[in-house]
Amino acid sequence: MNFEHQLRVQDLNVRYAETIDEDRLESWPDFFRDDGRYLITTAENVAQKLPIGMMYATSRAMLRDRIKALRQANIYEAQRYRHVIGAPRLVEAGDGTLRARTSFMVARIMHSGETMLFATGCYDDCIVLDGDNAVFAEKTVIIDSRQVDTLLAIPL
Amino acid sequence: MNFEHQLRVQDLNVRYAETIDEDRLESWPDFFRDDGRYLITTAENVAQKLPIGMMYATSRAMLRDRIKALRQANIYEAQRYRHVIGAPRLVEAGDGTLRARTSFMVARIMHSGETMLFATGCYDDCIVLDGDNAVFAEKTVIIDSRQVDTLLAIPL
Amino acid sequence: MNFEHQLRVQDLNVRYAETIDEDRLESWPDFFRDDGRYLITTAENVAQKLPIGMMYATSRAMLRDRIKALRQANIYEAQRYRHVIGAPRLVEAGDGTLRARTSFMVARIMHSGETMLFATGCYDDCIVLDGDNAVFAEKTVIIDSRQVDTLLAIPL
Amino acid sequence: MTIAAGIRAWPSDQVTRVPYWIYSDAALYGEEMERVFRGDTWSFLCMEAELPRPNTYRTSFLGDMPVVVTRDKDGAVHAFENRCAHRGALLCHKERGEAKEIACVYHNWTYDLCGKLTGVAFRRGIAGKGGMPPESRPEQHAPRQLRVECFAGLVFGTLGRHTPPLETYLGAQIAPKIRRVMRAPVRLLGGYSQILQSNWKLYMENVKDSYHASLLHMFFTTFRLNRLSQKGGLVVSEDGGNHISYSMAAADAGKEYEKAGMRTANEGYALEAPELLKSVDEFGDGVGLQILSVFPGFVLQQIRNSLAVRRIVPLGVDRTELVWTIFGFETDDEALHELRLRQANLIGPAGFISMEDGAAVGFVQRGSRGAGGELSVVEMGGRGIGSEESRVSEAAVRGFWHAYRHHMGM
Amino acid sequence: MTIAAGIRAWPSDQVTRVPYWIYSDAALYGEEMERVFRGDTWSFLCMEAELPRPNTYRTSFLGDMPVVVTRDKDGAVHAFENRCAHRGALLCHKERGEAKEIACVYHNWTYDLCGKLTGVAFRRGIAGKGGMPPESRPEQHAPRQLRVECFAGLVFGTLGRHTPPLETYLGAQIAPKIRRVMRAPVRLLGGYSQILQSNWKLYMENVKDSYHASLLHMFFTTFRLNRLSQKGGLVVSEDGGNHISYSMAAADAGKEYEKAGMRTANEGYALEAPELLKSVDEFGDGVGLQILSVFPGFVLQQIRNSLAVRRIVPLGVDRTELVWTIFGFETDDEALHELRLRQANLIGPAGFISMEDGAAVGFVQRGSRGAGGELSVVEMGGRGIGSEESRVSEAAVRGFWHAYRHHMGM
Amino acid sequence: MTIAAGIRAWPSDQVTRVPYWIYSDAALYGEEMERVFRGDTWSFLCMEAELPRPNTYRTSFLGDMPVVVTRDKDGAVHAFENRCAHRGALLCHKERGEAKEIACVYHNWTYDLCGKLTGVAFRRGIAGKGGMPPESRPEQHAPRQLRVECFAGLVFGTLGRHTPPLETYLGAQIAPKIRRVMRAPVRLLGGYSQILQSNWKLYMENVKDSYHASLLHMFFTTFRLNRLSQKGGLVVSEDGGNHISYSMAAADAGKEYEKAGMRTANEGYALEAPELLKSVDEFGDGVGLQILSVFPGFVLQQIRNSLAVRRIVPLGVDRTELVWTIFGFETDDEALHELRLRQANLIGPAGFISMEDGAAVGFVQRGSRGAGGELSVVEMGGRGIGSEESRVSEAAVRGFWHAYRHHMGM
Ligand code: FES
Ligand code: FES
Ligand code: FES
Ligand SMILES: [Fe+3]
Ligand SMILES: [Fe+3]
Ligand SMILES: [Fe+3]
């Protein structure tokens with residue numbers, strides 16, 4: 001295994017999660033390539049080969065629109081996430097890209113303090129390394145449960 | 001500390017957990033040595049030096065029997081796990097084996113989507129490295145709680 | 001990024017958490033510098049720039065007093081924690097110290113077996129490396145929720 | 001229907017005022033399961049497409065009661081209680097599957113796909129010992145059969161003895177609007193569910209509330225996907241229980257919201273990737289949005305090219321699961337298929353539009369805590385439950401309460 | 001006993017039909033705690049071996065009521081409510097421990113190991129000020145003492161005034177079967193517990209249900225550990241509450257299951273590591289399996305060489321904790337000890353056999369939701385509650401309901 | 001007040017015995033929300049300092065009922081139900097904020113900061129269609145206004161029509177002790193909350209129980225921060241509902257605890273970092289500890305230089321949130337500020353002292369399960385509810401029950 005890639009992807013994941021957990025959502029799209037693909041779906045849909053997602057974007061612009069809507073249009077109760085992410089399992093795709101599968105748990109904390117285990121699942125990522133930088137060409141968030149409590153406003 | 005061993009054991013744990021979480025249980029026994037020992041017990045039993053376990057196997061064959069029974073004999077509701085595993089703390093045993101202690105949390109996701117924090121605890125492992133390969137000579141799963149919800153069909 | 005520092009801090013965190021989770025609390029203060037600062041507060045207080053904490057110590061002696069009180073004075077039901085900790089995000093402060101931010105989830109397991117997701121949050125640490133040793137000059141535990149179930153006896 | 005002991009009385013003869021205890025009274029909730037969901041009403045169970053072949057089944061719910069929906073070897077659809085005649089174990093504990101017969105796991109009693117008890121393990125004992133007395137009639141306790149009707153690819157079921165035929169129940173104005181959407185063989189695109197922290201009725205009111213749409217959902221208004229000032233209408237079935245609300249896709253240039261200074265008006269807000277809102281008039285009638293509901297718990301949605309059915313499963317007096325099934329048609333080309341996937345961003349728990357309904361119903365559940373004795377006001381569009389040209393109306397919400405009181409005997 | 005207001009009536013004079021509301025009525029649950037668990041019944045509290053020395057204690061439950069079980073300095077065993085006479089705090093909040101006296105943490109009132117109030121902090125005040133009036137008698141509110149009897153190393157307790165002596169309560173046929181298993185000084189091997197998502201009665205029925213064993217538990221059947229066709233029997237105590245079901249180890253070659261085409265028959269299924277099933281006839285009577293239960297909540301298990309006691313702790317109308325304690329004997333040699341550890345794979349939440357009971361009881365709890373008014377059928381082996389040679393019988397389940405109705409006054 | 005149907009009777013005419021069902025009866029809990037929290041009592045809502053400027057608001061609770069507290073543009077403080085007049089949605093779903101007006105998110109109805117309904121979206125419809133009938137009076141259903149009084153920087157509210165003026169309600173002996181602590185403009189230091197696994201009353205009893213302090217909290221005793229033998233006193237308001245308990249800082253050298261052999265006595269126990277206990281006599285009266293409570297749910301605490309207000313929010317019959325707000329004064333110098341931060345180690349869920357109250361109340365909730373019919377003993381210091389020099393007394397606890405019975409009409 002390539003230890004450097006291992007640690008770089010781990011670092012990418014940590015910074016990605018921190019950006020969300022600390023509500024710096026405006027920077028979240030920057031973790032993706034211009035034509036980055038982002039999909040949130042369920043293990044059940046994946047198992048049945050059904051394509052629908054809860055969030056689906058095919059460009060960084062669409063990700064920025066998502067955040068803009070959250071900030072300016074959508075109504076939802078103040079809440080934050082806390083990601084805890086496992087170590088990634090990497091497969092070198094050769095073409096300078098890496099495929100990574102990574103398990104996560106996300107707790108959701110309401111402004112009132114109420115906390116729940118909100119989502120568990122795995123990231124199925126395609127990562128592009130160039131130089132010191134690493135971005136997602138594709139990120140598929142496969143949540144284990146088909147149930148979402150109340151709403152899913154903040155990306156996972 | 002030996003960074004290479006650190007990362008290799010971490011990778012072993014990730015692949016081990018992924019095999020379970022993605023329901024590739026037939027491959028699970030392959031993470032053990034032929035005479036591998038697997039025990040699931042509780043912190044309370046360990047503290048009281050009581051030997052009983054919930055699952056106990058002294059060979060890979062017994063692990064294969066476990067999976068076979070799950071697939072062919074046992075009745076239980078469709079469910080999956082999601083492991084999130086901490087970094088291992090390693091002790092070099094010298095004789096080419098490593099002792100590793102690793103914290104874990106496991107969420108259980110029912111087919112209905114119902115999710116719960118199913119088990120927490122630590123792995124107390126004895127790992128044999130030969131060449132690129134790493135397998136468990138012993139794996140003791142010490143769960144923190146003496147309570148198990150409904151049943152424990154899938155190994156931890 | 002500095003891979004060695006990454007792994008050393010990860011190892012520090014693992015040993016720190018294990019010391020708590022295995023109830024070796026008498027050794028817990030040794031993870032701090034003599035004049036180590038330890039604070040547990042909430043994200044809400046931090047966001048409002050309010051200084052109060054739930055635990056606050058400005059020396060290792062105060063940490064030892066905390067443990068001594070837990071052992072000899074305070075009444076609370078037998079309970080244990082299980083930490084699962086993400087990878088740290090490091091910033092080299094230059095002066096031989098590191099700043100690290102690390103996400104955690106802590107489950108609390110009562111002697112009865114009852115388990116709950118007790119706390120989530122992040123560690124905001126200032127770590128001093130000298131030689132093989134690494135200790136906390138400062139550790140701020142920022143819990144995401146303002147709510148604590150029943151009591152917070154054991155440090156996080 | 002007689003008034004049950006222990007059901008509180010409706011505070012007036014009107015449906016313009018609703019008492020808040022209706023959302024939090026646990027005893028009432030139990031009565032609702034009996035009188036509404038297991039009474040003379042039709043509940044949506046699943047889509048026919050979820051039973052793709054003979055000898056398939058899917059589990060669902062009639063209120064809080066588990067049911068099995070099957071397609072037998074001849075293709076006929078059946079539904080029955082998911083409860084064994086013997087000791088009451090779930091007969092099917094999977095979401096869906098293939099089966100020629102159903103065997104209860106507990107004692108291996110077997111059923112055919114009509115829910116008929118076909119086998120009792122060791123009924124005659126073993127070697128002449130044990131087993132059931134010859135005169136025993138366990139069949140008398142077989143899972144209750146639901147009356148089932150399939151309409152335009154949707155499977156409905158009822159336990160009520162006096163439930164009218166489905167099409168009559170839907171009403172002459174609603175049934176065609178279901179057919180309108182279900183225009184071709186269905187292609188399932190997937191699904192998920194949303195746990196609402198509220199009483200089930202709050203969600204059904206929300207769906208029938210054409211007044212809230214463009215006030216709560218800024219996304220609607222901002223992009224003029226749906227404004228009350230757009231041409232459209234509100235249709236309520238005679239019994240009040242079923243409704244559609246629709247609006248024409250043609251964006252209006254009206255400034256009513258801006259004049260009224262609504263929070264929901266938001267000039268100079270634009271999408272960087274407007275393709276999200278690209279859509280086609282697949283129904284050829286210019287209707288851009290049609291929300292349709294059938295009492296007590298079914299919703300059929302067309303938001304541009306995003307099509308879905310939603311069904312509610314009450315989980316308790318203050319918890320409800322909303323199950324979404326998103327679909328297109330076998331006839332969709334790649335372009336339309338991709339449109340549907342992209343527009344899925346509008347709906348579901350993460351939908352630019354519908355996420356807010358999840359928040360809103362919870363806000364009412366919590367906001368009305370402590371207000372059991374107070375009344376809410378349902379007077380937009382007057383006091384009637386009739387159809388209206390205007391959607392600045394709560395007529396469909398009043399219709400819901402009209403139907404509710406009828407079934408509850410309140 | 002008189003019938004309590006608000007307890008629903010039993011639907012007939014038979015125990016061959018059981019109403020489903022019995023598993024979900026919250027008010028009834030409260031009555032059960034009083035009438036069954038705190039009534040004239042014996043509850044298993046712990047093993048004597050869990051009180052290894054004088055001045056030790058262990059906490060347990062009488063239904064949902066917390067109790068303390070102690071062994072005093074003279075070795076006598078006592079049990080009393082785990083509730084302080086003063087304001088009701090738990091007296092012991094640890095699972096087990098050593099203590100010469102018990103001090104409540106709240107105000108430091110003290111008790112001896114018989115549960116007698118021995119000290120009231122500052123009863124006479126300080127410097128003549130404060131404290132209790134001389135005539136106060138806090139002793140009158142001391143934790144209620146349980147009557148305790150130890151039988152074959154098992155500690156039972158009761159609050160009932162008219163509970164017969166334990167051995168009488170067990171019955172002439174059951175008591176010896178307890179002695180049979182408890183053949184030597186106990187060596188504790190460990191324990192764990194299982195949270196059942198069901199009413200407590202569903203688990204007790206499951207245990208008494210000799211009919212299900214080989215139909216639900218394929219592992220039993222496949223390896224012919226227990227088939228209804230094997231020689232064995234079912235014994236029910238006169239009052240119906242207690243039972244044993246047993247079968248001889250000698251594998252039968254019968255083909256009844258195969259003939260009947262049971263799901264549980266599975267030829268050509270073999271273990272790679274058959275040592276799992278290796279066992280010895282330690283009781284010298286060829287009985288390979290004996291399940292014994294005592295009303296309301298005790299189970300003693302012998303499955304080959306796997307020995308355990310189980311007790312239920314009701315956690316609510318639809319939740320139950322099942323506490324397992326696995327044991328062997330001081331006299332075990334290494335080989336037998338290892339057999340017990342290996343056979344532990346058969347039992348508990350992960351047991352090849354018993355994991356399924358955890359699933360089954362939950363299936364009934366959920367399957368019968370919505371069927372409150374329906375009846376389940378308990379007619380295998382006829383209508384009686386007597387002992388039988390055949391285990392194709394639900395006689396012990398009927399016995400349970402017979403005893404239940406008696407204690408509930410239903 | 002008349003006795004409500006379904007409220008059980010108090011077992012005697014005394015308050016020296018308290019029935020355990022009072023902590024677990026769900027129906028009673030509902031009545032308490034009405035009669036106690038929404039009755040003729042004052043509930044603490046927040047500190048004035050939490051409304052720092054005009055046009056700010058903070059959400060709070062009156063029992064389990066959500067309320068909004070506001071400071072209007074002129075600086076006046078108002079409080080009203082956090083429930084929209086229309087369909088009952090929460091009006092404010094944030095903890096705190098700035099606002100000139102409040103708009104409900106559901107249909108955009110608007111309110112001024114007095115809670116007056118000021119706007120109904122599209123009340124007259126659009127283009128003459130829809131909207132409300134002219135004669136509609138939604139204003140009649142506006143969120144209920146609380147009567148508000150600010151006292152020494154504390155905001156209290158009531159819904160009761162006959163609640164006496166706040167200062168009268170507090171009583172002549174209690175009011176000055178609030179002023180004593182609130183000696184200067186408040187500087188907020190932060191807060192957190194504690195989820196208590198018990199009925200709300202158990203926490204209020206705990207606070208009023210001067211007897212437990214030095215027996216449960218060894219830290220108090222060991223460091224002689226508070227011993228019953230220290231000079232101090234207990235003051236109970238005439239109606240019994242409010243109290244203070246105080247003790248002088250001067251450490252006594254008494255040996256009563258040692259003589260009585262209390263667990264809480266612990267010679268030779270010392271702190272390595274005694275600065276934790278360093279404190280100054282900021283109030284100039286030598287009082288080191290003053291615990292003050294106001295019926296039903298307010299606590300003001302001075303433990304040396306650690307100052308906090310606590311309010312309870314009942315979450316259910318056996319769950320309570322305790323919200324802590326810790327403060328100092330604008331006039332604090334750095335040294336005093338640092339003292340307060342350090343002494344915060346004594347309080348809250350992690351407090352060397354108060355963590356144990358979280359455990360204790362839970363112990364009673366669980367210890368008394370199964371003891372519904374039993375009585376607890378409240379006889380320390382006699383049977384009265386009057387003030388006492390001695391804190392070896394439960395007079396304030398009896399006072400609580402006296403007030404409780406009055407408001408509950410029991
Ligand atoms: S419960 Fe289904 S066969 Fe017995
Ligand atoms: S409650 Fe036990 S001493 Fe007061
Ligand atoms: S509920 Fe507030 S405006 Fe409708
Ligand atoms: Fe909506
Ligand atoms: Fe069984
Ligand atoms: Fe206290």
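Numbered from 1 within each chain, the chains take letters A, B, ... in sequence-line order.
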With a 4.5 angstrom heavy-atom cut-off, is it the side chain or the backbone of [X] that approaches chain E, or both, or neither?
X: Gln48(B); value: side chain
X: Asn45(B); value: side chain
X: Thr42(B); value: side chain
X: Leu39(B); value: neither

Between the side chains of [Y] and [X], is the shortest nitrogen-to-carboxylate-oxygen separation below 4.0 Å, so that they form an ion pair?
X: Asp125(B); Y: Arg99(B); result: no
X: Arg24(B); Y: Glu18(B); result: yes
X: Glu95(E); Y: Arg146(B); result: yes
X: Arg8(B); Y: Glu4(B); result: yes
X: Asp130(B); Y: Arg33(B); result: no

- prompt: Is there a donor in the side chain of Glu321(E) and an acceptor in the side chain of Ser193(E), or the other way round, less than 3.5 Å apart?
  reply: yes
- prompt: Are Gln197(E) and Asp318(E) close enough that a side-chain donor and a side-chain acceptor fall under 3.5 Å?
  reply: no
field: Selection from Phe352(E), Trp324(E), Phe363(E) maximising heavy-atom pairs under 4.5 Å formed with chain B
entry: Phe352(E)
- line: Scored by heavy-atom pairs under 4.5 Å with chain B, the best of Ala350(E), Gly191(E), Ala273(E), Gly351(E) is Ala350(E)
So which of [options] has the largest heavy-atom pair count under 4.5 angstrom toward chain E?
options: Thr58(B), Leu50(B), Asp65(B), Ile40(B); answer: Asp65(B)
options: Ala61(B), Ala57(B), Ser59(B), Ser145(B); answer: Ala61(B)
options: Lys49(B), Gln147(B), Glu44(B); answer: Gln147(B)

So which part of [X] gets closer than 4.5 Å to some heavy atom of chain B, the side chain, the backbone, both or neither?
X: Glu338(E); result: side chain
X: Arg319(E); result: neither
X: Leu271(E); result: both

message: Aromatic contact between Tyr38(B) and Tyr56(B), with the criterion being ring centroids under 6.0 Å apart: yes or no?
response: no
